[in-house]
Amino acid sequence: MSKPTLSKVVIPAAGLGTRFLPFSKVIPKEMLPIVDKPALQYIAEEAVASGIKQMLLLTSRHKESMEDHFDLAFELEAILRERNKEEELKMLSQLSTLVSVASVRQQQPLGLGHAVLCAKPWVEGQPIGVMLPDDLLEAPTPCLQSLWECFGRFGFSKGVVALMEVPWEKTHQYGIVSVKPIDENVVRICEIVEKPKSNPPSNLAVIGRYVLPPCIFEKLETVGRGAGGEIQLTDALARMTEAPGLLGYLFRGRRFDTGDKLGFLEANVAFALKRPELKNAFLAYLRQTVEENAQ
Ligand code: G1P
């Protein structure tokens, strides 16, 4: 049998984005710009850099702009061509050929596990990547690629999730794990709890990247409703710890939670400072702002 490859990624993006109202009333929060690209495009670029060819957006009503963003904009390109805007044309053509995009509606807000379950018919029995679009990750090797390498190294059968330490006082916002080390970067997950209200087993949190074998769907189908009355991906992952096994990859790059106002602002500062055309002027503005606001 030929070795499995990672070609499909599922992106749950059906949420209402209440933390970003009123912005998210009409425009999906996944379309918030980080400098000049929507947050979702950074996620797609990480996926493609990890070998992904097909991306499934799990969406809901009024969120069509996410698909439109990756589509060919015929009229716009025609106008740019007429005006000899070569650079912009090239940028748009790279975007519309970046990745093949499909979408499925998650008709009811029944949780992250339910969203992933909606992807089952599209997945066709292959291992998949799952990327949560609020988590913008930066590392020399794209995080999803590192997870896939780990998935292959341990036999293409165990689930792999990305982990990162978070402040203890924030553990109630995450899936939290207890682990046994395997090597410098990989751990075996013994226990995983969704948003523990008290006594978290550690401060190691699941961040929004997963590589999952096809058996995840059987677990999701039988797991029932968990925290908040929702079907939780974490509960299905908990059922994988015994068999086939669940691994954690210790992510050492930078993470921005763009679903949070502060994280969104931090991401904009960090990514603006990486732009040669913006860096000096923006840094000067930041310095001046810090000085003016110093007590
Ligand atoms: C989700 C997952 C949680 C994970 C987190 C990472 O929670 O349920 O296990 O730790 O993403 O960002 P959410 O932030 O969607 O509430």
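One-based numbering, in listed order, for ligands and for the atoms of each.
Applying the side-chain contact (heavy atoms from CB on, under 4.5 Å) test to E230 and every residue at least two apart in sequence or in another chain returns Q232. Residues passing the side-chain hydrogen bond (donor to acceptor under 3.5 Å, both in side chains) test with D183 are R153, sequence neighbours excluded.
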Can you list every pair where an N/O of ligand 1 is under 3.5 Å from an N/O on the protein?
from	atom 1	to	atom 2	distance (Å)
ligand 1	7 (O)	K195	NZ	3.3
ligand 1	8 (O)	E194	OE1	3.4
ligand 1	8 (O)	E194	OE2	2.7
ligand 1	9 (O)	G175	N	3.1
ligand 1	9 (O)	E194	OE1	2.7
ligand 1	9 (O)	T234	OG1	3.4
ligand 1	10 (O)	G175	N	2.9
ligand 1	10 (O)	V206	O	2.6
ligand 1	12 (O)	D135	OD2	2.9
ligand 1	16 (O)	K195	NZ	2.6

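Cation-pi check for K274 over F271 is met; the charged atom lies under 6.0 angstrom from the ring centroid and within 45 degrees of its normal.
No salt bridge links E86 with K90; every basic N to acidic carboxylate O contact stays at or beyond 4.0 Å.
Applying the salt bridge (charged side-chain N to carboxylate O under 4.0 Å, His left out) definition to pairs two or more places apart or across chains, none involves residues 161-171.
Residue F256 holds its CZ atom at 10.5 Å from OH of Y42, rounded to the nearest 0.5 Å.
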